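Letters A, B, ... mirror the listed sequences (proteins, then strands); counts begin at 1. Computed from a predicted model, the values in this text were never measured in an experiment.
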Number of protein chains: 2
Amino acid sequence: MTDTLMTIREMCDAFDVTARTLRFYEGKELIFPQRDGTRRLYTKRDRARLKLILRGKRFGFSLEDIRQLLDMYDTDGSEKSQYLRTYALAQDRLVQMENQRRDLDEAIAELRQQLRDGAEMFAAYSQARLGKSAA
Amino acid sequence: MTDTLMTIREMCDAFDVTARTLRFYEGKELIFPQRDGTRRLYTKRDRARLKLILRGKRFGFSLEDIRQLLDMYDTDGSEKSQYLRTYALAQDRLVQMENQRRDLDEAIAELRQQLRDGAEMFAAYSQARLGKSAA
DNA sequence: CGTCAGACTTACGTTAACGTCAAGCACTCT
DNA sequence: AGAGTGCTTGACGTTAACGTAAGTCTGACG
């Protein structure tokens, strides 16, 4: 029943991150592994936090933002202002992401148009090599 | 009829970029302003290229990618292989952007869910301060 | 003629999130 | 005991796209 503590290498394999990354996150105070002498031992709590960190990164949050958000899952329910701050943070981020998506959509549309134009421009040169589907 | 040549400051105002940015792009061989002694004078061609550079940035291209793409608009039509390269580059970038868009969608959905969950978690604490639309 | 705004060159600084050594300690196997 | 493997702590390197500061120069104005 030693499965509640994991070595750094086990963590690397489990989460597909490097040891450097885990130490880096520790330096940034995102996780707090125990020590066996000098070696790190990661608890269930560390794993939960790491999961959230990686999810946060997928959201596009900075590590500093994530450090704040982690407290949202962490606080015991008595820290209302903390909740409100992180809630606001998440909402702001959501707005940013939606804007980003809009920009991305425009860019995609514009780029598609460019590709169509470009395709016309040099169609004569490349008919033999550009994929003519089933012909 | 001096309106075909612009000073660096006029360029900054016209395109909303800093002088440093224009010099930087020149260093990267993206634009090639003339000189009046030591001062830069930007031609119509420079303006056209800058417009494309800024558009490329909106697409998320790196400046190095953009330098390649610029040749797509620039070449005289005889450089077929160049066309094909930049065409492929643009298509790759389009795929990347569509993937990015998909990731972003997922992240937005997930974050929205988190916000809903979070909202429930501390609804009791914050009913008075969270926006209750139309009381 | 003095000076003052702008432009110029050169070069180091910045930010985020790690990567990549370097050098040293702790076990373990043989 | 020697060797090897894994973990540790520094600490400097990396990338992109500029920002910023220092020092010089030049032309126009009063």
Side-chain angles (χ1 to χ4, degrees), chain A residues 2 5-43 46 49-70 89 93 96-97 100 103 107, chain B residues 2 5-43 46 49-70 89 93 96-97 100 103 107:
Chain A
T2 160
L5 293 190
M6 289 172 62
T7 71
I8 198 168
R9 193 125 311 272
E10 289 169 340
M11 290 290 282
C12 292
D13 295 344
F15 290 95
D16 193 34
V17 295
T18 70
R20 177 67 176 102
T21 297
L22 292 175
R23 299 196 190 102
F24 182 75
Y25 289 167
E26 185 180 349
K28 289 273 174 178
E29 302 192 64
L30 294 169
I31 47 183
F32 311 95
Q34 298 175 3
R35 295 298 177 114
D36 168 25
T38 174
R39 272 101 191 248
R40 290 169 174 81
L41 288 180
Y42 294 85
T43 69
D46 293 317
R49 290 177 75 91
L50 181 55
K51 219 177 276 185
L52 292 172
I53 292 168
L54 298 177
R55 184 196 294 175
K57 288 200 57 182
R58 289 204 308 278
F59 291 166
F61 286 100
S62 73
L63 290 182
E64 179 51 31
D65 283 345
I66 290 173
R67 205 177 56 72
Q68 312 251 339
L69 288 170
L70 276 176
L89 200 67
R93 181 63 196 150
Q96 281 176 38
M97 287 172 73
Q100 189 183 338
D103 293 348
Chain B
T2 161
L5 294 190
M6 288 172 63
T7 71
I8 200 170
R9 193 124 313 269
E10 288 168 342
M11 289 291 283
C12 293
D13 294 345
F15 291 94
D16 192 35
V17 295
T18 70
R20 177 68 176 101
T21 296
L22 292 175
R23 298 196 191 102
F24 182 76
Y25 290 166
E26 185 179 348
K28 291 272 174 179
E29 301 192 62
L30 294 169
I31 47 182
F32 311 94
Q34 298 175 4
R35 295 297 177 115
D36 169 25
T38 173
R39 272 98 190 252
R40 290 169 174 82
L41 287 179
Y42 295 86
T43 70
D46 293 316
R49 290 177 75 93
L50 181 55
K51 220 176 275 184
L52 292 171
I53 293 169
L54 298 177
R55 183 195 294 174
K57 290 201 56 183
R58 289 203 310 276
F59 291 166
F61 285 99
S62 71
L63 289 182
E64 178 52 29
D65 283 345
I66 290 173
R67 205 176 58 72
Q68 312 250 337
L69 288 170
L70 277 176
L89 200 67
R93 181 62 197 150
Q96 281 176 38
M97 287 173 73
Q100 188 182 339
D103 293 348

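Remark: P of C:dC25 and CZ of A:Arg40 are 17 Å apart, rounded to the nearest angstrom. Here the P atom of nucleotide D:dA16 and the CG atom of B:Leu63 are 9 Å apart, to the nearest Å. Put simply, CG on A:Leu54 is 13 Å from C1' on C:dC18, counting in whole angstrom units. One interatomic measurement links the two molecules: CG of A:Leu5 to P of D:dC7, which rounds to 15 Å at whole-angstrom precision. Rounded to whole angstrom, the span from the OH atom of A:Tyr42 across to the C1' atom of D:dT8 amounts to 11 Å. The interatomic distance linking A:Arg35 (CZ) with C:dC25 (C1') rounds to 14 Å, in whole Å. One interatomic measurement links the two molecules: CG of B:Asp36 to P of C:dC8, which rounds to 10 Å at whole-angstrom precision. At whole-Å resolution of the value, CG in B:Leu41 and P in C:dC8 are 9 Å apart.
Residues A:Gln34 and A:Leu5 are in side-chain contact: their nearest non-hydrogen atoms beyond the backbone lie under 4.5 Å apart. Side-chain atoms of A:Phe24 and A:Leu63, non-hydrogen and from C-beta on, do get closer than 4.5 Å to each other. Proximity of B:Leu22 to B:Tyr42: side-chain heavy atoms (C-beta onward) are separated by under 4.5 Å at one or more points. By the 4.5 Å heavy-atom criterion applied to side chains, A:Arg40 and A:Met11 are not counted as neighbours.
Ion pair B:Arg35/B:Glu26 flagged as a salt bridge, since at least one NZ, NE, NH1 or NH2 atom sits closer than 4.0 Å to an Asp/Glu carboxylate oxygen.
For B:Arg39, counting side-chain heavy atoms from C-beta on, the closest listed nucleotide (D:dT9, D:dC18, C:dC8) is C:dC8. Each of C:dC8, D:dC7, C:dC18 was ranked by its minimum atom distance to the side chain of B:Ile8; first place goes to C:dC8.
Contacts between residues 11-32 of chain A and DNA chain D, defined by a heavy-atom separation below 4.0 Å, involve A:Arg20, A:Arg23, listed by number.
Heavy-atom nearest nucleotides on DNA chain C were determined for A:Glu64 and for A:Thr38, and the one closer to the 5' end corresponds to A:Glu64.
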Next item on the list: Apply side-chain contact (heavy atoms from CB on, under 4.5 Å) to B:Leu70 and B:Ile53, showing your working.
Entry: CA-CA 8 Å; B:Leu70 277 176; B:Ile53 293 169; 4.0 Å; yes
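In terms of modelled atom types and a separation under 3.5 Å, the side chain of A:Asp46 and the main chain of A:Thr43 share a donor-acceptor contact.
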